[in-house]
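Reviewing the structure listed below.
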Amino acid sequence: MTLDKAHELIAMHVELGSGYNRNAALMVLGEVMRDHGQQAVDQLIRDYGLEQKWGIKPGTHFESAFK
């Protein structure tokens, strides 16, 4: 997944804002972790305020469902 696509998806899920969207955002973060590493994940968390919105903290390790 490209970082541009990850930004697009995270922005959409944050805008919709439900618990289901939180889970979808976690899946996106797992893909970003696999493809781009922890720094990229932490930046997305900060950029979209995921800690305040859903309690997703920078430094959390995510795993992709698709290895």
Side-chain angles (χ1 to χ4, degrees):
M1 174 177 301
T2 67
L3 288 176
D4 287 337
K5 185 64 175 179
H7 277 277
E8 179 183 326
L9 290 170
I10 294 287
M12 176 190 66
H13 289 299
V14 165
E15 184 177 322
L16 294 171
S18 78
Y20 293 110
N21 296 103
R22 178 187 185 275
N23 290 338
L26 292 172
M27 290 180 67
V28 171
L29 293 174
E31 292 298 303
V32 171
M33 175 72 79
R34 182 189 72 187
D35 295 342
H36 302 284
Q38 187 70 51
Q39 264 188 322
V41 169
D42 290 348
Q43 191 60 51
L44 283 168
I45 291 169
R46 287 186 197 96
D47 287 351
Y48 293 97
L50 300 182
E51 185 170 9
Q52 294 78 20
K53 182 149 187 84
W54 289 318
I56 302 170
K57 298 180 188 299
T60 303
H61 180 79
F62 297 93
E63 292 206 18
S64 170
F66 310 101
K67 302 264 176 183

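Computed from a predicted model, the values in this text were never measured in an experiment.
R34 CZ to E31 CD: the interatomic distance, rounded to the nearest 0.5 Å, is 4.0 Å. Rounded to the nearest 0.5 angstrom, T60 OG1 and D42 CG are separated by 7.5 Å.
Cluster annotation: L26 and W54 are assigned to the same hydrophobic cluster (Ile/Leu/Val/Met/Phe/Trp/Tyr, side-chain heavy-atom contacts under 4.5 Å, transitive). Linking Ile, Leu, Val, Met, Phe, Trp and Tyr residues whenever their side-chain heavy atoms come within less than 4.5 Å leaves M27 and L3 in two separate clusters.
Looking only at distances, no side-chain donor or acceptor of Q38 sits under 3.5 Å from a matching main-chain atom of P58. Side chain of N21 to backbone of V14: no donor-acceptor contact under 3.5 angstrom is found.
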- For E51 and I56, run side-chain contact (heavy atoms from CB on, under 4.5 Å): C-alpha distance rounded to whole Å, both residues' side-chain angles, the deciding distance at 0.1 Å, then the answer. CA-CA 4 Å; E51 185 170 9; I56 302 170; 5.9 Å; no
- Decide side-chain contact (heavy atoms from CB on, under 4.5 Å) for F62 and I45; before the verdict, give the C-alpha distance in whole Å, the side-chain angles of both, and the deciding distance to 0.1 Å. CA-CA 12 Å; F62 297 93; I45 291 169; 4.1 Å; yes
- Can M33 and H61 be said to form a side-chain contact (heavy atoms from CB on, under 4.5 Å), step by step? CA-CA 8 Å; M33 175 72 79; H61 180 79; 3.7 Å; yes
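Checked options D47, V32, L29; the residue passing with I10 is L29 (criterion: side-chain contact (heavy atoms from CB on, under 4.5 Å)).
Shown here for A6 and L44, the closest heavy-atom pair between the two residues is CB-CD1, 4.1 Å. The nearest pair of heavy atoms linking L9 to M1 is CD1-CE, 3.9 Å. The two residues A24 and H13 come nearest to each other via the heavy atoms CB-CE1, 3.3 Å.
When only modelled atom types and interatomic distance are considered, H7 and Y48 share a side-chain donor-acceptor pair under 3.5 Å.
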